[in-house]
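Accompanying notes for the structure given below.
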Amino acid sequence: MLVEVAVAAAVRGTFTYRVPARLAHEATLGRRVAVPFGRSRRATGYVVGFPTSPPAGVELRDVVEVLDEFPLFTEGLIRLVRWAEDYYLVPPGELLRAALPPGLNARRGSAAPARRGVEFAAPAPGAQEALGTLSRARAQRAVLEYLLARGRIPVEELRTAFPRGRAALAALAGRGLAVLDTEAPPPPGASVPAAERPLSLTSEQAGALAEIAAAFGRFETFLLHGVTGSGKTEVYLQAIARLRAAGRGALVLVPEIALTPQLAGRFRARFGDEVALLHSGLSDPERHAEWLRLRRGAAAICVGVRSAVFAPVQDLGIIVVDEEHDGSFKQEEGPAYHARDLAVVRAKMESAVCVLGSATPSLETLENARLGRYRRLTLPRRIDDRPLPRVEILDLTRFRSRTPSPGLLSPPLAEALAATLAAGQQSILFLNRRGYQTLVVCRECGREERCDRCAVSLTLHARRGVLLCHYCGRTSAVPRICAGCGGEQVGIGVGTEQVEAAVRQLMPAARVARLDRDAVGGAGDAAGILARFARRETDVLVGTQMVTKGHDFPGVTLVGVVLADTALALPDFRAAERTFQLLTQVAGRAGRGADPGRVLIQTYNPRSPGVACAVGHDYAGFAEQELERRRTLGYPPFSRMMAVRIEGSEAGARECAEAVGSAARPALGSAVAMLGPAPAAIERLRGRYRWHVLFRAANVTALRRVHRSLSSLAQRPPGGAIVRFDMDPHSML
Ligand code: ADP
Ligand code: ZN
């Protein structure tokens with residue numbers, strides 16, 4: 001007996017092994033096996049097929065051991081992985097490994113945990129007053145703050161937000177600050193506890209739901225285009241409820257769960273124990289257990305991040321991709337794939353409905369809707385007809401002389417902050433840069449402090465008193481004088497830390513908090529900061545993209561964008577689109593409650609389309625202009641791209657990139673344009689040199705021809721470099 005094995009390594013293609021008679025019953029599709037590979041005696045692989053005849057001229061070796069008691073992947077999932085292998089030009093074993101929760105990669109797949117009753121946690125009476133006694137127990141404090149904000153919740157929900165939530169909860173219960181109770185396990189098939197009841201839908205929501213539900217049972221893709229706060233989530237929830245009533249499963253992909261515990265919480269509240277969560281905030285054994293609950297059919301709904309597109313949901317009826325435009329759905333490191341696009345492919349394979357939801361759909365998705373491949377449903381209004389916030393531009397070129405530090409807080413923004421505070425309302429200030437000052441440069445010769453491993457400038461973090469590389473995380477001391485000429489060093493540019501300081505100086509009485517990757521050590525801290533803000537114990541929240549996500553804070557009436565231009569400056573053809581999306585997202589945080597919202601955007605580029613259209617909430621206008629520009633320049637969605645990414649030593653990477661260029665040239669013909677070879681915008685990362693070659697063509701067929709002309713070179717890259725293919729690349733850095 002022979003098996004086809006995808007080895008969990010960076011090698012393209014699959015390998016054939018013999019199965020010894022003693023393992024013949026166990027070596028079934030989707031199980032992991034140990035096999036000899038290359039010079040190593042043992043590598044992990046996945047059984048993906050059963051060849052009838054051995055490949056010619058190869059000496060076959062034996063499978064050593066079968067590692068799982070039951071298949072981890074269904075036949076359908078293996079088909080999806082093989083499709084992705086072929087389309088994305090990535091190693092299948094790497095994809096399968098990336099799909100599995102890490103807890104499963106190490107050990108034998110074991111039995112699923114027994115079905116338990118649903119545990120609930122709630123704050124004990126008097127817990128609010130006791131918060132102060134927890135100043136040293138940070139994890140407990142964060143969990144208790146979350147409970148105080150949310151009330152009685154399933155313990156499971158805590159685990160989405162806090163990596164070590166269980167231990168902290170047990171400690172809180174021991175101190176008498178939290179109360180735990182267990183409800184009997186729900187009868188099989190029932191969606192208990194349904195703590196939260198479905199809302200009665202607006203006519204627009206009901207219309208969208210009716211169209212989606214009418215497609216159940218076959219493949220169809222919808223674009224659910226709804227402005228921020230229009231009630232998209234409620235549509236997802238009720239569509240899934242209908243499928244559950246018919247006993248079918250659902251998959252919900254979201255950009256980042258740790259930052260949006262509210263969203264995962266709403267699914268848990270509606271569907272209870274039927275929801276399995278897959279994201280990096282869970283410990284490995286927890287993810288492992290969630291995966292097995294899905295695999296065994298004990299959970300029917302998966303809410304997860306990117307890699308959950310491979311989650312083993314049974315009898316899949318719907319896939320929802322929330323915030324489909326979000327860049328986090330694109331996997332860039334390791335095997336490159338786009339989870340949103342794979343979601344559509346998977347829905348097609350399993351005759352399921354796919355719903356792509358966004359307030360600012362990506363131009364690729366919009367174009368697919370315009371071509372009739374996807375059906376577009378719109379929710380043009382906010383719930384209760386709450387107005388969208390008023391957005392105003394503050395042209396920084398006009399304030400330059402009047403503020404000591406241009407780009408920080410212009411007089412109108414400062415006045416608005418003070419007025420909001422005086423009215424007892426809350427503000428969010430957004431800046432897409434951490435740290436205190438962006439760059440440290442020499443006043444004399446202009447030399448800037450850069451990371452010698454990553455070739456990017458270092459950021460000053462004043463509170464920690466260090467220079468930090470935001471790519472590799474290495475810190476170094478702040479030099480007094482320039483290493484080049486001995487001149488005096490100055491900081492230029494702004495970061496969130498400096499914005500926070502400016503707000504404190506402006507309004508000493510305000511309670512200010514900062515949310516960025518420096519302020520939070522883990523998901524738990526972020527949830528704590530967000531929970532305090534939700535309870536209105538903070539007046540001003542300063543932060544990076546983390547504050548733009550789908551939070552629902554009714555007390556926020558002012559959103560300030562400190563500098564809209566940071567994303568515009570990136571060398572990336574999607575820079576304008578990203579800027580528009582970010583500005584729209586963050587503006588959508590304002591005015592979600594009874595009081596109307598106001599948004600002030602500081603910028604040096606008031607007329608750039610990404611900024612100007614955000615003012616009028618003008619998605620259609622932005623899309624029209626940007627699509628026209630993309631058409632003229634020949635960028636996606638009017639073409640397809642493939643990136644070849646090369647990494648190695650300084651000389652090796654260059655040699656390899658040039659070899660890729662010459663090997664590809666004969667295959668280009670008139671159909672394919674080659675950009676490069678060129679050093680990547682981030683030329684060096686963690687000490688490795690990076691080059692890329694970009695290919696652009698009207699369709700994928702022409703790109704695949706280029707890929708074939710490069711495949712033997714990619715197997716044995718010159719100069720000892722590493723070559724990776726990235727189909728439909730996202731990051732141009
Ligand atoms: P989106 O996902 O489009 O940003 P949400 O689904 O979060 O919007 O809805 C915004 C707010 O409106 C939430 O607080 C939600 O509970 C509420 N909401 C949604 N649908 C309804 C409805 N039909 N009736 C009343 N409130 C609703
Ligand atoms: Zn670095």
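Both counts, for ligands and for their atoms, begin at 1 and track the order of listing.
- The protein atom (non-hydrogen) at minimum distance from atom 11 (C) of ligand 1 is D552 OD2, 4.0 Å.
- Regarding atom 4 (O) of ligand 1, its nearest protein heavy-atom neighbour is G229 N, 2.9 Å.
- Protein heavy atom closest to atom 8 (O) of ligand 1, with residue, atom name and distance, is G231 N, 3.0 Å.
- By heavy-atom distance, the residue among T202, V227, T233 lying nearest atom 6 (O) of ligand 1 is T233.
- For atom 27 (C) of ligand 1, the closest heavy atom belonging to the protein is L199 CD1, 3.3 Å.
- In this structure, S200 counts as a contact residue of ligand 1, since one of its heavy atoms falls inside 4.0 Å of the ligand.
- Which of E234, E204, K232 comes nearest to atom 3 (O) of ligand 1 through a heavy atom is settled by distance: it is K232.
- At a threshold of 4.0 Å, the pair R532-E145 counts as salt-bridged, since one of the basic side-chain nitrogens sits closer than that to a carboxylate oxygen.
- Put simply, the residue from E577, H730, R340 that forms a side chain to side chain donor-acceptor pair (under 3.5 Å) with S362 is R340.
- Nearest protein heavy-atom neighbour of atom 16 (O) of ligand 1: R266 NH2, 3.8 Å.
- With a 4.0 Å cut-off on non-hydrogen atoms, Q205 touches ligand 1 through its side chain and not its backbone.
- K232 has no carboxylate O lying under 4.0 Å from a charged side-chain N of E234, or vice versa, which leaves the two without a salt bridge.
- With hydrogens and angles ignored, the 3.5 Å screen pairs a side-chain donor or acceptor of Q426 with a backbone N or O of T538.
- Atoms CZ and CZ, on F329 and R306 in that order, are 9.5 Å from each other to the nearest 0.5 Å.
- The side chain of I383, and not its backbone, has at least one atom closer than 4.0 Å to an atom of ligand 1 (non-hydrogen atoms only; side chain from C-beta on).
- Side-chain rings of F222 and Y374 stay apart, their centers remaining 6.0 Å or farther from each other.
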Could you pull out all donor-acceptor pairs under 3.5 Å where a side-chain atom in residues 610-623 meets a protein atom, sequence neighbours excluded?
{"unit_1": "H617", "atom_1": "NE2", "unit_2": "P389", "atom_2": "O", "d": "2.7"}
{"unit_1": "D618", "atom_1": "OD1", "unit_2": "G621", "atom_2": "N", "d": "2.8"}
{"unit_1": "Y619", "atom_1": "OH", "unit_2": "P361", "atom_2": "O", "d": "2.8"}

